[in-house]
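Reading through the structure tokens given below for one structure.
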Amino acid sequence: MKPVHIAIAALFLTVTFAWRSIAVEPAAERLVVLSFDDSVASHATFVAPLLKKHGFGATFFITEGFEFLVDKKHYMTWEQIKALDTDGFEIGNHTRKHAGVAKQKPEQLAADVEYIEQQCATYGIPRPVSFCYPGYQTSDAAVKLLRERGYQFARAGGAQAFDPAQDDPLTMPQAFDGKPDSTLEQFKAAVAQAKDGKVAVMTFHGVPDIKHPWVNTDPVKFEAYMQHLKESGCKVIAMRDLAKYLPARK
């Protein structure tokens with residue numbers, strides 16, 4: 001092969017590989033996002049070790065609301081939150097005070113969102129790109145603020161899979177919300193929605209959640225949920241990792 005032909009071939013390969021590196025990947029079947037709200041201590045002591053065992057990703061949405069500042073038995077420390085980041089999990093923003101965004105003035109919401117960003121910076125945690133609406137309630141003003149601050153994803157409520165072709169990533173629905181009376185069959189049904197390009201976003205609070213029993217998930221039940229994901233061959237990721245599967249916003 002002549003030198004000029006070799007050079008052309010090398011250029012072609014370079015361009016091809018470069019294009020592949022930035023191309024959007026097709027959404028995998030059974031693509032599942034795990035998310036955990038409210039900075040509960042069991043996220044660090046029970047949830048994270050189990051997820052690491054299975055090789056799962058997850059997003060932990062951090063707030064300093066409730067009794068975070070005074071009750072370090074039931075809520076994580078920032079050192080534990082940093083350890084989650086070090087272990088490869090995503091740290092998301094759940095606002096400083098866990099106040100409903102629709103009831104806040106724009107400057108109040110902006111301050112609460114910025115506070116968690118600043119705390120992350122203080123502890124060497126990347127600036128969050130994922131957000132969770134306290135109480136699942138959204139507002140147009142909140143969506144506008146998050147977009148302006150560079151957030152890529154924000155989880156709300158609901159009971160359906162996230163459809164990237166139809167849903168705004170900043171008002172993302174959840175497919176499952178772990179509660180005391182939730183069942184393995186309900187969880188399996190939520191997982192089954194993750195097909196045809198749709199993503200099952202799963203919401204949990206504490207495992208267990210002693211301070212908020214109405215959103216508690218029993219550890220034995222949670223282990224069964226995770227085992228089902230493993231046995232089903234699900235790809236289990238953090239919310240930020242959805243970026244590789246979604247087309248760029250225009």
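Atoms considered below: every heavy atom in the structure, side chains included; atoms not considered: hydrogens, waters and symmetry mates.
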- Could you state whether Ile81 and Phe36 fall into the same hydrophobic cluster, counting links through intermediate Ile, Leu, Val, Met, Phe, Trp or Tyr residues with side-chain heavy atoms under 4.5 angstrom apart? yes
Under 4.5 Å between side-chain heavy atoms, counting indirect links through other Ile/Leu/Val/Met/Phe/Trp/Tyr residues: same cluster for Leu31 and Met172 or not? yes
Applying side chain to side chain contact (heavy atoms under 4.5 Å, CB included) to Asp163 and not counting sequence neighbours gives Ala165, Gln166, Asp167, Lys198
Which value, rounded to the nearest 0.5 Å, describes the distance between [X] atom [atom1] and [Y] atom [atom2]?
X	Y	atom1	atom2	answer
Leu229	Phe56	CG	CZ	5.0 Å
Ile125	Ile62	CD1	CD1	7.5 Å
Asp209	Asp218	CG	CG	12.5 Å
Leu34	Ile237	CG	CD1	9.5 Å
Leu242	Phe153	CG	CZ	5.0 Å

For residues 100-107, run the donor-acceptor check on the side chains, cut-off 3.5 Å, and write out each pair with its distance to 0.1 Å, sequence neighbours left out.
{"from": "Gln104", "atom 1": "NE2", "to": "Asp112", "atom 2": "OD2", "distance (Å)": "2.9"}

Sidechain-backbone polar pair: [X] side chain, [Y] backbone, donor-acceptor under 3.5 Å:
X	Y	answer
Ser35	Met202	yes
Gln80	Thr77	yes
His43	His205	yes
Thr95	His98	yes
Lys244	Arg240	no
His94	Cys132	yes
Ser39	Thr63	yes
Gln193	Ala161	yes
Thr59	Met239	yes

Just so I know, are the side chains of [X] and [Y] near enough to count as touching, which here means a heavy-atom distance under 4.5 Å?
X	Y	result
Pro219	Pro208	yes
Met76	Val40	no
Asp168	Arg147	yes
Ser130	Tyr151	no
Leu50	Phe222	yes
Val201	Pro173	no

- prompt: Does Glu67 come within less than 4.0 Å of Lys211, counting only side-chain N to carboxylate O?
  reply: yes
- Identify whether the distance between the nearest side-chain nitrogen and carboxylate oxygen of Arg149 and Glu117 falls below 4.0 Å. yes
In Lys82, Lys53, Lys52, the residue satisfying salt bridge (charged side-chain N to carboxylate O under 4.0 Å, His left out) with Asp87 is Lys52
In short, ring pair (Phe, Tyr, Trp, His ring centres under 6.0 Å) pairs touching residues 162-193 with sequence neighbours left out are Phe176-Phe187, Phe176-Phe204, Phe176-Tyr225, Phe187-Tyr225
Less than 6.0 Å separating the ring centroids of Phe131 and Tyr133?
yes
(Q) Are His212 and Phe66 an aromatic pair, judged by ring center distance below 6.0 Å? (A) yes
Residues at least two apart in sequence or cross-chain that pass ring pair (Phe, Tyr, Trp, His ring centres under 6.0 Å) with Tyr75, listed by chain then number, are none
Hits for ring pair (Phe, Tyr, Trp, His ring centres under 6.0 Å) against His228, two or more places apart or cross-chain, chain-then-number order -> none
Show the atom names and distances, to 0.1 Å, of all donor-acceptor pairs under 3.5 Å that link a side chain in residues 135-142 to residues at least two apart or in another chain.
{"from": "Tyr136", "atom 1": "OH", "to": "Asp177", "atom 2": "OD1", "distance (Å)": "3.1"}
{"from": "Tyr136", "atom 1": "OH", "to": "Asp177", "atom 2": "OD2", "distance (Å)": "3.0"}
{"from": "Ser139", "atom 1": "OG", "to": "Ala142", "atom 2": "N", "distance (Å)": "3.0"}

Practice task
Report, as yes or no, whether the 6.0 Å neighbourhood of atom NZ on Lys144 holds more than 12 heavy atoms from other residues, nucleotides or ligands.
Solution key: no
